2 protein chains.
Amino acid sequence: MNIDLKALELFCTVARELSITLAAQRLGRAPSNVTTRIQQLESELGVSLFLRKNKRLHLSPEGEQFLVYAQKILSVSEEARQILHPDKPGGSLRIGAMESTAASRLPEALASYHRKWPEVALSVTTGPSAPMLEAVQARSVDCAFIAPAVGTEGKENSELSSMGLVGQPVFREELMLVLPEAHPPITSAADVAVGSLATFRPGCTYRSIAEEWFRKGGVNPSSIPNIQEVGSYHGMIACVCAGTSACVIPKSVIELLHEPVGIQQIPLKTIDTWLVWRENYDTPALRELISILSGAHATQGR
Amino acid sequence: MNIDLKALELFCTVARELSITLAAQRLGRAPSNVTTRIQQLESELGVSLFLRKNKRLHLSPEGEQFLVYAQKILSVSEEARQILHPDKPGGSLRIGAMESTAASRLPEALASYHRKWPEVALSVTTGPSAPMLEAVQARSVDCAFIAPAVGTEGKENSELSSMGLVGQPVFREELMLVLPEAHPPITSAADVAVGSLATFRPGCTYRSIAEEWFRKGGVNPSSIPNIQEVGSYHGMIACVCAGTSACVIPKSVIELLHEPVGIQQIPLKTIDTWLVWRENYDTPALRELISILSGAHATQGR
DNA sequence: TTTCAATATTCTCTATTTAAGAATTAAATT
DNA sequence: AATTTAATTCTTAAATAGAGAATATTGAAA
């Protein structure tokens with residue numbers, strides 16, 4: 001019973017790289033050592049973590065199970081380490097974010113964070129709000145920027161706390177319906193006449209909001225023929241410029257485009273972006289993020 | 001960054017004993033070594049975990065914080081270890097239980113468990129249902145025997161899953177109202193005429209049930225003058241025998257008493273005892289407990 | 001088919017770390 | 001003041017980790 005946090009990191013790296021040499025290189029140590037420590041971990045646990053087939057590694061079923069636990073242990077101990085030093089941000093901060101936030105809001109904030117605290121290893125993962133919330137719970141990220149699900153306005157805090165999370169609003173986004181330039185001006189949802197609605201995959205809150213808007217305007221969203229799933233905001237805009245689609249995008253993202261040409265925008269709704277984290281995850285690195293975001297507000301709205 | 005699970009156990013032991021010598025003895029190693037490893041852990045973390053005052057140890061504030069994390073890490077790694085060996089129960093299983101279950105049901109079950117799997121380190125903590133559920137969530141026990149709160153009959157599973165737990169009913173208890181022998185026979189709650197109701201501290205589901213029964217019988221429970229809090233079932237029975245109190249006890253507990261003399265019993269309600277555990281805590285040691293409990297059913301009711 | 005390169009592993013050697021025991025220090029008790 | 005108790009320091013032996021060279025096995029290239 002002598003497992004080492006270093007051994008767990010080593011295992012996680014090998015599991016990610018699926019190569020002893022690459023892992024060794026990334027960890028800055030000799031491959032022979034990596035081999036030995038993995039073998040030692042395996043004998044300690046009494047299972048094979050990897051299947052060696054023809055000099056190539058795969059995770060064994062046990063390895064996959066153990067990987068989850070190894071990451072959890074590392075995450076808890078990283079949290080502990082930070083809690084013990086309430087003054088100095090340090091260690092790592094794994095941030096989850098919606099695509100839109102990552103595009104429009106984070107670059108500036110994270111750059112200034114990194115300038116101030118270069119010793120904090122920031123990482124960003126993007127995805128829709130719902131899976132991001134699960135990722136926070138599951139400790140695969142430490143905090144996340146999300147849009148509360150439709151219909152939860154005003155009770156975000158109780159929603160979060162029932163998941164063991166807490167959070168606060170940090171950005172206010174103005175959601176725009178984006179239409180081709182040539183589209184006749186509209187006064188209601190019923191006037192929208194396009195071939196498809198370009199959106200991200202389901203789970204995206206903005207997509208639900210778009211559908212709700214059509215529903216409230218008396219339009220059955222399923223009457224918008226093809227919901228066309230696109231992988232990026234640039235892709236969406238392209239679809240709109242092509243004249244066949246509409247899409248819903250926060251104003252702040254549209255402003256990023258060098259020339260918002262070939263499109264017209266109609267405000268749909270304003271919606272808050274929340275930063276959420278696990279209850280008790282009260283680390284200096286996170287507090288610093290929050291404080292930087294609050295500073296930003298002074299200059300950039302909300 | 002070289003923390004060892006052994007170092008964490010060592011720290012937890014010292015934190016519990018608040019003594020290097022006792023901890024060393026309990027761990028089977030030399031005191032000098034314990035000192036050194038604690039110092040090493042402290043320098044690794046960059047904080048003092050203990051306050052040394054006059055050769056006596058106290059946990060420092062940082063130490064208290066870290067203790068929580070250390071226990072969490074050990075609990076997760078113990079869980080990992082077990083998950084990797086789906087066939088053989090082993091390691092430890094920390095059981096929480098209501099006083100009544102611990103008294104009436106567990107002795108036989110745990111004895112047979114221990115006979116079959118002596119290598120599993122079983123431990124039992126008792127307490128009311130509500131705090132036990134929190135203890136399971138907080139990982140200070142691995143599973144617990146509880147009585148679902150009043151008013152949740154039929155929706156136990158959804159209640160549990162909203163706490164990240166799962167469970168199943170394992171015992172059926174017949175709750176008895178216990179009265180002094182000399183008390184005139186009763187036909188309803190209103191007939192009960194005793195000076196006080198002897199119960200455990202609040203939080204005990206059986207106590208809520210007793211109060212509910214009085215309420216349903218048209219009696220304001222606050223009209224039962226002193227709710228007298230007692231520390232054990234034997235104490236309760238003694239109060240009843242003394243002629244001044246009534247109490248509510250599962251029949252199975254009453255049957256434990258060598259001579260249920262000087263009391264009369266009236267059935268109040270049957271209620272299931274549930275065994276609950278964290279979702280994903282699917283260890284062989286727990287499965288074995290469940291299987292032993294199911295075997296017991298065949299012979300002893302439910 | 002043979003050769004070469006890539007890769008995990010084994011082996012050997014050295015440096016580091018861990019653990020025990022003896023000696024030391026400091027307070028509390030008699 | 002002497003004794004006991006408890007933590008720490010010092011010293012030494014054993015265990016362990018890590019580097020590097022050597023080995024074996026596979027896949028690719030000639």
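Quick caveat, the model's predicted, so the values are computed rather than measured. Letters A, B, ... mirror the listed sequences (proteins, then strands); counts begin at 1.
Rounded to whole angstrom, the span from the NZ atom of A:Lys6 across to the C1' atom of D:dT16 amounts to 12 Å. Rounded to whole Å, the distance from CG on A:Asp4 to C1' on D:dG18 is 13 Å. B:Gln40 has its CD atom 14 Å from the P atom of D:dT8, to the nearest Å. Atom CG of A:Leu22 and atom P of C:dA6 are 12 Å apart (whole Å). The interatomic distance linking A:Ile20 (CD1) with D:dA24 (P) rounds to 19 Å, in whole Å. Here D:dA19 presents its P atom at 14 Å from CD of A:Gln25, a figure rounded to the nearest Å. As rounded to whole Å, 7 Å separates atom P of C:dT18 from atom CG of B:Asn2. Atom P of nucleotide C:dT18 and atom CG of B:Leu41 are separated by 11 Å, given to the nearest angstrom.
Contact between the side-chain N/O atoms of B:Asn33 and the OP1/OP2 oxygens of C:dT18 is not found at any separation under 4.0 Å. Between B:Gln39 and D:dA7 there is no side-chain N or O to OP1 or OP2 distance below 4.0 Å. Applying the 4.0 Å criterion to OP1 and OP2 of C:dA19, one finds that B:Arg37 has a side-chain N or O inside that range.
In this structure, A:Arg287 contributes its side chain and A:Pro86 its backbone to a donor-acceptor pair below 3.5 Å. Remark: side-chain polar atoms of B:Gln82 are not paired, donor with acceptor, to backbone N or O of B:Pro89 under 3.5 angstrom. No donor-acceptor pair closer than 3.5 Å links the side chain of A:Ser140 to the backbone N or O of A:Val136.
Residue contacts for A:Thr36: at a heavy-atom cut-off of 4.0 Å it reaches no nucleic acid atom on any strand shown. Nucleic acid contact for A:Thr35: base, since at least one base atom lies under 4.0 Å from a heavy atom of the residue. Across all strands, B:Arg52 comes closer than 4.0 Å only to sugar-phosphate atoms, never to a base (heavy-atom distances). Using a 4.0 Å heavy-atom criterion, one finds that B:Ser32 contacts the bases of the nucleic acid, with or without backbone contacts as well.
Map B:Leu18 and A:Arg56 each onto its nearest nucleotide of DNA chain D; the residue landing nearer the 5' end is B:Leu18. Mapping A:Pro31 and B:Thr21 onto DNA chain D via the closest heavy atom, the residue that lands nearer the 5' end is B:Thr21.
Contact check for A:Leu106 versus A:Phe145: side-chain heavy atoms found under the 4.5 Å cut-off.
Between A:Phe11 and A:Tyr69, a ring centre-to-centre spacing not shorter than 6.0 Å is recorded.
Among the nucleotides D:dA19, C:dA8, C:dA20, the one closest to any side-chain atom of B:Ala30 is C:dA20.
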